[in-house]
Structures are given as C-alpha cells and as structure tokens.
Amino acid sequence: MSEELKVEIVNPEKSFLEKDDAIEVVVPAFEGEMGILKDHISIISFLKPGIIKIVSKKGDEKFYVEDGIVEFKNNNLSILTSSIFNLLDIDKSKQQNLLKLAEAEANKQEISDQLKYLADQKVEVLKSIN
C-alpha cells in the first residue's frame with residue numbers, strides 16, 4: 001500500500017515544485033510546525049516564516065518560506081506562497097541580505113504586534129540557516 005502524497009508549491013511566477021512521492025511534509029503553520037502524512041485530515045492554514053521540509057524516498061528537501069497558505073485534501077498538499085527559496089540555492093550573501101531586511105523590519109518604531117511577530121520569526125529562521 002502506497003504511503004505517498006502529492007505536493008505542489010506555487011508562487012506568483014510559476015509552479016515552483018511538483019512531487020507525487022512525498023512521504024511526509026513539515027510546514028511552519030501559525031499553529032506550530034505541522035507534519036502531514038498520507039490520509040491526514042483535510043486542513044487549510046496560514047504559513048509563518050520558516051522551513052518547509054519534504055521527505056521522500058529520494059531524500060529530504062528543505063525550503064525557506066516567508067508566508068503563504070497550505071491546503072491538504074484527498075492526499076494532495078497545495079502550498080501557495082509569494083516568497084520561497086530552496087535552501088540549497090541560498091548562499092551566505094543572500095541569507096545575510098534577507099536577514100538585514102528582516103532585522104530592519106523588526107526594529108521599526110511604528111510597527112504592529114503582528115508585523116513585529118512575523119519579522120522576529122524571519123530573523124530567527126534566517127539566523128538558524130547554516
């Protein structure tokens with residue numbers, strides 16, 4: 001019996017990724033990190049800044065995401081996001097530039113609590129990327 005689910009990640013420019021052999025996907029939902037396996041209950045949730053981890057028989061893939069919506073239904077996981085990068089493609093200078101922007105955003109004087117939370121999340125995740 002197959003234990004795989006289909007994953008599709010879409011950003012405004014294109015279909016970023018399509019896989020039909022994922023075993024588990026971990027997403028940074030606002031409720032906390034959420035692991036999704038085959039036959040998970042249907043969900044719709046918002047993503048916060050964090051790392052999406054896709055586990056398949058071919059190996060693990062990790063992506064940095066800043067925002068988005070995740071929907072899981074009938075063993076199909078759809079992720080819609082405006083900002084996503086494969087961690088293998090983020091070099092040190094790009095990471096540092098993103099970190100500087102996030103720190104500047106977090107340190108603004110006039111910022112709402114929600115935007116401050118999101119900026120702090122970006123800073124924390126970007127600092128954790130090696």
Side-chain angles (χ1 to χ4, degrees):
M1 185 172 180
S2 175
E3 58 186 35
E4 298 163 348
L5 58 113
K6 183 178 179 186
V7 179
E8 182 177 24
I9 301 175
V10 178
N11 67 13
E13 290 85 40
K14 62 183 175 177
S15 178
F16 182 82
L17 175 88
E18 284 189 45
K19 292 185 78 67
D20 46 4
D21 65 343
I23 296 170
E24 179 184 15
V25 181
V26 179
V27 295
F30 266 93
E31 297 83 6
E33 278 196 353
M34 186 182 311
I36 300 171
L37 301 167
K38 183 179 181 218
D39 297 328
H40 192 285
I41 62 168
S42 296
I43 59 161
I44 296 177
S45 184
F46 290 101
L47 295 176
K48 65 180 181 179
I51 305 297
I52 294 173
K53 180 179 176 184
I54 300 175
V55 178
S56 70
K57 291 179 181 172
K58 296 176 187 168
D60 297 356
E61 295 177 89
K62 293 182 180 180
F63 303 92
Y64 168 75
V65 66
E66 289 192 353
D67 58 15
I69 298 172
V70 60
E71 177 183 17
F72 185 76
K73 184 177 180 182
N74 299 328
N75 291 317
N76 290 300
L77 179 67
S78 298
I79 299 172
L80 308 172
T81 181
S82 62
S83 180
I84 187 166
F85 305 99
N86 189 322
L87 288 188
L88 296 176
D89 297 338
I90 294 182
D91 60 22
K92 197 70 172 166
S93 64
K94 185 173 188 173
Q95 176 199 3
Q96 290 301 316
N97 289 338
L98 289 169
L99 181 58
K100 284 179 188 176
L101 289 171
E103 286 174 333
E105 191 177 336
N107 292 325
K108 285 182 182 175
Q109 294 297 321
E110 296 293 322
I111 188 171
S112 70
D113 290 343
Q114 181 182 9
L115 292 177
K116 172 78 170 141
Y117 171 77
L118 292 173
D120 287 342
Q121 284 291 129
K122 287 181 195 177
V123 169
E124 185 179 319
V125 172
L126 289 166
K127 282 183 176 180
S128 74
I129 296 172
N130 305 27

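Sequential numbering from 1 along the given sequence is applied to the chain's residues.
- What you find for E4 and K38 is that their closest heavy atoms are O-CD, 3.7 Å.
- At least one side-chain heavy atom of F72 sits less than 4.5 Å from a side-chain heavy atom of L5.
- Between atom CD of residue E124 and atom CG of residue L126 there is a gap of 10.5 Å, rounded to the nearest 0.5 Å.
- Put simply, F63 and V25 are part of the same group of oily side chains (I, L, V, M, F, W, Y) that touch within less than 4.5 Å, one to the next.
- Looking at T81 and E66, their side chains never come closer than 4.5 Å, going by heavy atoms from C-beta outward.
- Within 6.0 Å of the CG atom in D113, the count of heavy atoms belonging to other residues, nucleotides or ligands does not exceed 12.
- If you take CG on D20 and NZ on K6, they are separated by 7.0 Å, rounding to the nearest 0.5 Å.
- Transitive grouping of hydrophobic side chains (ILVMFWY, heavy atoms separated by less than 4.5 Å) keeps Y64 and F30 in distinct clusters.
- We find the CD-CD distance between E8 and E18 to be 4.5 Å, quoted to the nearest 0.5 Å.
- For the residue pair S82 / N11, no side-chain donor-acceptor distance below 3.5 Å is found, with atom types taken as modelled.
- We find the CD1-CD distance between I23 and E3 to be 5.0 Å, quoted to the nearest 0.5 Å.
- Residues I52 and V70 have side chains not in contact (no heavy-atom distance under 4.5 Å, counting atoms from C-beta outward).
- The environment of Q114 atom CD is sparse: at most 12 non-hydrogen atoms of other residues, nucleotides or ligands sit within 6.0 angstrom.
- With a 4.5 Å cut-off on side-chain heavy atoms, I54 and I9 count as touching.
- Contact annotation: the side chain of I79 never approaches that of V10 to less than 4.5 Å [non-hydrogen atoms, C-beta and beyond].
- The hydrophobic clustering, which links ILVMFWY residues whose side-chain heavy atoms are closer than 4.5 Å, places V27 and L17 together.
- In this structure, CG on L47 lies 8.5 Å from CD1 on I84, to the nearest 0.5 angstrom.
- Residues satisfying the ring pair (Phe, Tyr, Trp, His ring centres under 6.0 Å) criterion with F85, sequence neighbours excluded, are absent altogether.
- In this structure, the side chains of K53 and E33 stay at 4.5 Å or more apart for every pair of heavy atoms.
- There is no path of hydrophobic side-chain contacts, each under 4.5 Å, that joins L37 to I44.
- One hydrophobic cluster, built from ILVMFWY side chains closer than 4.5 Å, cannot hold both V26 and L80; they sit in different ones.
- Taking all atoms of both residues into account, the shortest heavy-atom contact from A29 to M34 is CB-CE, 3.6 Å.
- Side-chain contact between L77 and H40 is absent, with no heavy atoms from C-beta onward closer than 4.5 Å.
- With values rounded to the nearest 0.5 angstrom, D120 atom CG is found 10.0 Å from E103 atom CD.
- Through chains of ILVMFWY side-chain contacts below 4.5 Å, L115 is grouped with I111.
- No donor-acceptor pair closer than 3.5 Å links the side chain of Q121 to the backbone N or O of K48.
- Two residues are said to be in side-chain contact when any heavy atoms from C-beta on lie closer than 4.5 Å; P49 and L118 meet this criterion.
- Taking 4.0 Å as the cut-off between side-chain N and carboxylate O, K57 and D21 do not count as a salt-bridged pair.
- Pairing each heavy atom of S56 with each of A22, the nearest pair is CB-CA, 4.1 Å.
- In terms of heavy-atom proximity, V125 sits nearest to G50 at CG2-CA, 3.7 Å.
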